[in-house]
Structure formats: C-alpha cells, structure tokens
Protein chains: 2
Amino acid sequence: MSDVLVRGYANGRARRQLILDEATAMFGEVGYRAASLREIATRVGISHPGLLHHFPAKQALLLAVLEHRDEIDSEQFGLDHLQGIELLGHIVDLVAFNATRPGIVELYCVLSAEATAPDHPAHAFFVQRYARSVESCAGGFRGAQAAGRLRPGIDPDAAGRAFVALMDGLQVQWLLDRDSLDMAAVLRATLAALIVTDD
Amino acid sequence: MSDVLVRGYANGRARRQLILDEATAMFGEVGYRAASLREIATRVGISHPGLLHHFPAKQALLLAVLEHRDEIDSEQFGLDHLQGIELLGHIVDLVAFNATRPGIVELYCVLSAEATAPDHPAHAFFVQRYARSVESCAGGFRGAQAAGRLRPGIDPDAAGRAFVALMDGLQVQWLLDRDSLDMAAVLRATLAALIVTDD
DNA sequence: CCTACCGATCGGTAGG
DNA sequence: CCTACCGATCGGTAGG
C-alpha cells in the first residue's frame, strides 16, 4: 500500500464529497429538473463527464444527495432513541439549527414539492420519508398523552401529521422572507398550546 | 361589425383561456423552469410561436396564470368581506373544495417552493401573497379573540402564521399521497383546539 | 479525469 | 396563426 494509493482514495472521497455539497446547493436552488450537471461540475472544478465518472447519471446523484443527508442528520441528531415530549422538543431544536443552514432547508422544501409528481425520481423517497416523519411525531404526542400531558380532546395522530405539515409550511414562508419569521418560536408556541404544563 | 369579427374576438378569448388552463396544469406538474412552451402549445393544439402571439414571453404567461387564478378565486370565494371565526371557517371550506381540483393545489405548492429563489419571476408575487394570507388569517384569530372565543394564551398573529403554514404543509403531504389525508379535517381539528366552544 | 461529440430540446425571432 | 430558423444548453457516450 503506497502513500500515493491511499492519497488517491482520499482525494477521490474528498472529490465525491465536494460534488455532493455542490449538488445539494444546486438542487436546493433550482430543483432537480432545472439543475445542470455542467453547472455543478463547474462549481466543483471538473468537467461534466468527470462528474459522471463519480455518479453514473443525474438520478444517481440525486439519490446519493438525499441518502447522504439522511445519514448525516440521523448521525448528528439521532432522534430515533428519543420518545414523547423529549422527542418533540429535540425536533424544535433541530429546526432552530436548520435556520443556520438555509441550503438544507431549500433542498427539502424545493425537492419535496417537485417530487409530488408521481414520475419524479425522488417521489418514492419522499412518500416514505413523510410516512416516517408523521409516525415519529405522532409517537411523540402519544407519549405525551400517556404521560398525561397532552391537552384533552387532541388526537395524537392528527397532531403528528399537523406538526410535520406546520414545519414544512414554515420553511416556505421562511425561505421567501427570512427576517419575518422565527420557525422554532412558532413551533414552541404550538407545542405550548398542545402540551399541558408540567407541575 | 361583422359576425366574423365578433366571432374572431370570441375565438381569441377562448384560445387564450385554453392556453391559461394548459399552462396552469403544466406549471403545476413540473414547475415554471422545467415547463416547456412547446409542450403547452401542443396540448392547446397550436405551434409554440402561436402561443407567443398571445403571451409575448414565458414570464408573461406565468404572471398571467397567477393573476388569473387570483381573480377566479377572489370572485368565486370572496373572503375579503368576511371576518373572525366566520372567515377561518370559510377558508376550511375552500381547502375542502381544493381537494376536488388537485391541479390548482399543485400549481401553488410547486410554484411557491420554486419561487423561494430570489431571482424567480414569481418571487415577489409569492412574498406579497403570503403577507396578505398571513395577515388575513391573523385578523380572523384577532376577531375570535375580540369575541372572547380564542383560547387564552394563544397569540393571534402567531396563530395566523401557523394556520397558513399548516395549510401549505398539508398540501405537500396530500399531493404525495392523496388517500392518506383529509386536509380540511385536520384544519377543522386544529381550529377546534384553538377556538373555545360557542355556548 | 479529459476533449469532442451525439441527438434532443429549449425560448425567442424573422418573415410572412 | 404558420414554417423555418437562431444560438444556447441539456444528459449522456466514445475513446482515450
């Protein structure tokens, strides 16, 4: 194993990472369909056939971007082991952090809307992703209910669905005018209206 | 004034209307950037320079579609003269009706996400539209508060913002999987949690 | 990773 | 409203 070979692999990984970063930004700016492999490649500093050496087609690049983001976020924030009110609170914290990285918010906002088209290459990805998100939040509200802290008359499943929808809608308003809105504050106020005070 | 001339104008208006309908569907399906004037023209049954005779450029067609929709909706549902809880209830009715015309839901969902890009031709339109929608719903909640029917501790302005966000987010989920979700029912349940029963 | 190329498609214009 | 065309750009491949 020569240093050259090791460095070669390291360079390849770094290049691949750079491509994913620029593709993330580009897909967020103009969506998948309007994004151009040539433009992404230029930002990376290579030719567009060079990019296609790392990702064999545009679709593969899109799916790699989405999977990579899911990996990063679940590593970094690992909400899986949380439950109930604690889970919901951590989701609000994640939204607050997302307000510091508009590129990620753009990516999900623009792609999820584009992917409502049934023939979109990320359609299945987003259908599955939403099912998971809604179920996860519904579980949070069910936990709150079990702890006697969900306001009476609230259906936990409907609340989970609405909570996810609220996050998405806030992202659109925030991206349109970033100064007019504190996403996490609206979510906190919403939770405060649904959750009975701990005493 | 010959019949021929009158019919000529009538034909022109009908054609213009047909173009707006097909453009609405197309922009909803793939967004503005990915939509093609040739494809829209083919659906109408004319050539694409023929289409450009009615609308001088792609941008003009987009703005005409958006303005036309606003006209139709405000004529048909005229929410302007309503206030307070009555206004909020009529918005829920409008959402229920929108569930019967997915093309319109698609149009706003896809274009609003695409138009978060500051250089998008519909950016200013959506910034203004959201400011109006949020203010209108906030007014509804202020009216409820004045009537003593807003749950204590709820801020009417935050509730207005959240209500608009909730509608938008529900649209994404509904377009991704139309059988899994009753948008109007979730909105009604949300209102029921915010508004004190009338007695 | 590159240059060079393919066929397809784009918005818009010329000229009628 | 049409045909015919413009320059630009697209995703992907050949061949090295």
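Numbered from 1 within each chain, the chains take letters A, B, ... in sequence-line order. Model, not experiment: these values are computed from the prediction.
- Using a cutoff of 4.0 Å between basic side-chain nitrogens and carboxylate oxygens, B:D70 and B:R132 are scored as salt-bridged.
- Cation-pi check for A:R129 over A:Y108 is met; the charged atom lies under 6.0 angstrom from the ring centroid and within 45 degrees of its normal.
- Grouping the Ile, Leu, Val, Met, Phe, Trp and Tyr side chains by contacts below 4.5 angstrom, directly or via other members, places A:L63 apart from A:I104.
- Ring geometry for B:F141 versus B:F163: interplanar angle over 60°, hence perpendicular rather than tilted (30 to 60°).
- A salt bridge links A:R101 and A:D73; the closest N-O separation between the charged side-chain nitrogens and carboxylate oxygens is under 4.0 Å.
- Secondary-structure stems of DNA chain D, taken as three or more successive Watson-Crick or G-U wobble pairs (i with j, i+1 with j-1) under a 3.5 Å distance threshold, comprise C:1-16 with D:1-16.
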Give the table of side-chain donor-acceptor pairs shorter than 3.5 Å for residues 117-125 of chain B, with sequence neighbours excluded, one pair per line with atom names and distance.
unit_1, atom_1, unit_2, atom_2, d
B:H120, ND1, B:A122, N, 2.9
B:H120, NE2, B:E114, OE1, 3.2
B:H123, ND1, B:A115, O, 2.7
B:H123, ND1, B:A117, O, 3.3

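- Using a 4.0 Å cut-off between charged nitrogen and carboxylate oxygen, A:R142 and A:E135 count as a salt-bridge pair.
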Where protein sits on nucleotides 2-15 of chain C, one letter per nucleotide: B base, S sugar-phosphate only, - none, heavy atoms under 4.0 Å: BBBB----BBBB--
